[in-house]
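Here is the structure we will look at.
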Amino acid sequence: MSEVDIDLSAALASVEQAGPLVNSVTNNVTVNDVANVTLHWGGLPVMSDDEREVGEMVSTAQACLLNMGTVDEAGERAMMAAGDAANESDVPLVVDPVGVGATSVRDGVAGRLVSDLDVTVLKGNYAEITALVGEDAEVRGVESVGEYSDIAETAVACAREHDTVVVASGETDVVATDEAAYEVSVGHPLMGQVVGTGCMLGVTLATFGGGLGVDRPLEIALAGTACFGLAGERAADEGEYNGPASYKTAFLDTVANMGAANAPVADERIERVLSVE
């Protein structure tokens, strides 16, 4: 089917010009990586996660990420307060339902986030997106371990059910609206050997949201996903590394050095693979 023309240079320029303040309510495993990636794309990270202040902080921000990586009761309350504030202030809201499908607690929290909030972009791995539409998903811990040959159809169903744009991350990333699905064929196998790349993709989408605005969810999803994966490729091709740990450093350096002036080109990497009446 047809390719999609996305101007990554223009998207990166929007982020650079906005310098968005991005509040992340995220997990304690990858919080430092999430903060650094926000900064390296040109945003300003803040990690307020106290229910007493997070709403006030989000109301002054240009984007918000909610990540369920290490969810607890206080974290759930903070995420709901942050999400409500984002909706009230028209702040782009990215939700990453980490581990939904693994436990009933995570199912409950994720269900509340996607049903009670207006989500700009919903990002998850193949299993998480599958679980959110009530289908069987193979989740081990917070990792997707199954085969999902119908992920494009599933992502569209998820976008329809939750009235949002969906990013299903995997070997080939899939971006879906309620009427179409796009494959974003970018990335490098080494990215899968670094803990937290999914979390970093989530905050990349939030940071692009801060640059592009709440009314451009498909462009946020496509440009953010493409730039993230192409940064992974550029780090593998041009960076210096000896294994996953040093590759992670090369990747972060690549993100920091990737801007509008030397933006990658999506070329034929984004293709519409499904249209639904």
Side-chain angles (χ1 to χ4, degrees), residues 3-20 22 24 26 29-45 63 65 94 96 121 123 125 143-144 167-175 182-212 219-271:
E3 298 163 10
V4 180
D5 183 19
I6 293 291
D7 188 338
L8 301 186
S9 179
L12 286 164
S14 295
V15 174
E16 291 171 5
Q17 292 166 7
V22 182
S24 294
T26 188
V29 177
T30 62
V31 61
N32 185 259
D33 298 326
V34 167
N36 273 316
V37 168
T38 306
L39 183 65
H40 296 339
W41 282 124
L44 182 63
L65 168 70
V94 175
D96 188 348
V121 178
K123 175 264 158 194
N125 60 34
E143 300 295 335
S144 173
V167 174
S169 61
E171 184 174 357
T172 298
D173 297 323
V174 174
V175 173
Y182 306 82
E183 285 188 351
V184 186
S185 302
V186 296
H188 191 275
L190 275 169
M191 299 175 78
Q193 298 184 34
V194 176
V195 170
T197 49
C199 302
M200 290 188 273
L201 173 57
V203 84
T204 294
L205 298 171
T207 306
F208 275 65
L212 295 170
E219 191 174 349
I220 293 167
L222 289 173
T225 301
C227 282
F228 187 82
L230 290 167
E233 292 182 18
R234 187 176 287 184
D237 293 340
E238 303 175 7
E240 295 183 2
Y241 56 92
N242 295 310
S246 49
Y247 171 75
K248 175 183 167 182
T249 299
F251 172 73
L252 292 172
D253 284 343
T254 301
V255 171
N257 293 321
M258 180 182 285
N262 66 345
V265 178
D267 282 336
E268 300 176 354
R269 303 298 194 90
I270 303 175
E271 181 182 11

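The figures that follow rest on heavy atoms only: side chains count, while hydrogens, waters and symmetry mates do not. FYI, the numbering just counts along the sequence from 1.
Atom-to-atom distance recorded for Leu205:CG and Cys227:SG is 10.5 Å, nearest 0.5 angstrom. Atom CD1 of Ile220 and atom OG1 of Thr207 lie 10.5 Å apart (nearest 0.5 Å). How far CG of Leu230 is from OG1 of Thr254: 11.5 Å, rounded to the nearest 0.5 Å. Note that the CG atom of Asp253 and the CE atom of Met258 stand 12.0 Å from one another [nearest 0.5 Å]. Rounded to the nearest 0.5 Å, atoms CD (Glu16) and OG (Ser9) are 8.0 Å apart. Atoms CG and CG, on Leu44 and Leu39 in that order, are 7.5 Å from each other to the nearest 0.5 Å.
Minimum heavy-atom separation, Leu8 to Ala223: CD2-CA, 3.8 Å. The minimum heavy-atom distance between Tyr241 and Ala235, with the atom names listed, is CE2-O, 3.6 Å. Considering all non-hydrogen atoms of both residues, Leu12 and Ala260 come closest at CB-N, 3.9 Å. Between Gly210 and Ala18, the closest heavy-atom pair is O-CB, 3.8 Å. In plain terms, the two heavy atoms of Thr30 and Gly196 that are nearest each other are CG2-CA, 3.5 Å. When every heavy atom of His188 is checked against every heavy atom of Ala236, the shortest pair comes out as CD2-CB, 3.4 Å.
Side-chain contact between Val22 and Pro45: absent, with no pair of heavy atoms (C-beta onward) separated by less than 4.5 Å. Side-chain contact between Thr197 and Phe251: absent, with no pair of heavy atoms (C-beta onward) separated by less than 4.5 Å. Contact of the Asp33 side chain with the Cys199 side chain is not registered, since no non-hydrogen atoms from C-beta on lie closer than 4.5 Å.
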### Task
Take Tyr182 and Leu222, measure what side-chain contact (heavy atoms from CB on, under 4.5 Å) needs, and give me the verdict at the end.
CA-CA 8 Å; Tyr182 306 82; Leu222 289 173; 4.0 Å; yes
### Query
Can you check side-chain contact (heavy atoms from CB on, under 4.5 Å) on Trp41 and Val255, steps first, answer last?
CA-CA 6 Å; Trp41 282 124; Val255 171; 3.5 Å; yes
### Query
Between Asp173 and Phe228, does a side-chain contact (heavy atoms from CB on, under 4.5 Å) hold up when you go through it step by step?
CA-CA 11 Å; Asp173 297 323; Phe228 187 82; over 6 Å; no
### Message
Show, in sequence, the C-alpha distance, side-chain angles and deciding distance for Met200 and His40, and conclude whether the side-chain contact (heavy atoms from CB on, under 4.5 Å) test is met.
### Response
CA-CA 11 Å; Met200 290 188 273; His40 296 339; over 6 Å; no
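Formation of a donor-acceptor pair under 3.5 Å by the Arg269 side chain with backbone atoms of Val184 is not found in this model. At least one donor-acceptor pair closer than 3.5 Å links the side chain of Glu233 to the backbone N or O of Gly187. A donor-acceptor contact shorter than 3.5 Å links the side chain of Asn262 to the backbone of Asn257. Within the 3.5 Å criterion, the main-chain N or O of Gly239 finds no donor-acceptor partner in the side chain of Tyr247. In this structure a side-chain-to-backbone donor-acceptor pair under 3.5 Å is present from Lys123 to Gly198.
Atom CG of Asp237 is surrounded by more than 12 heavy atoms from other residues, nucleotides or ligands within 6.0 Å.
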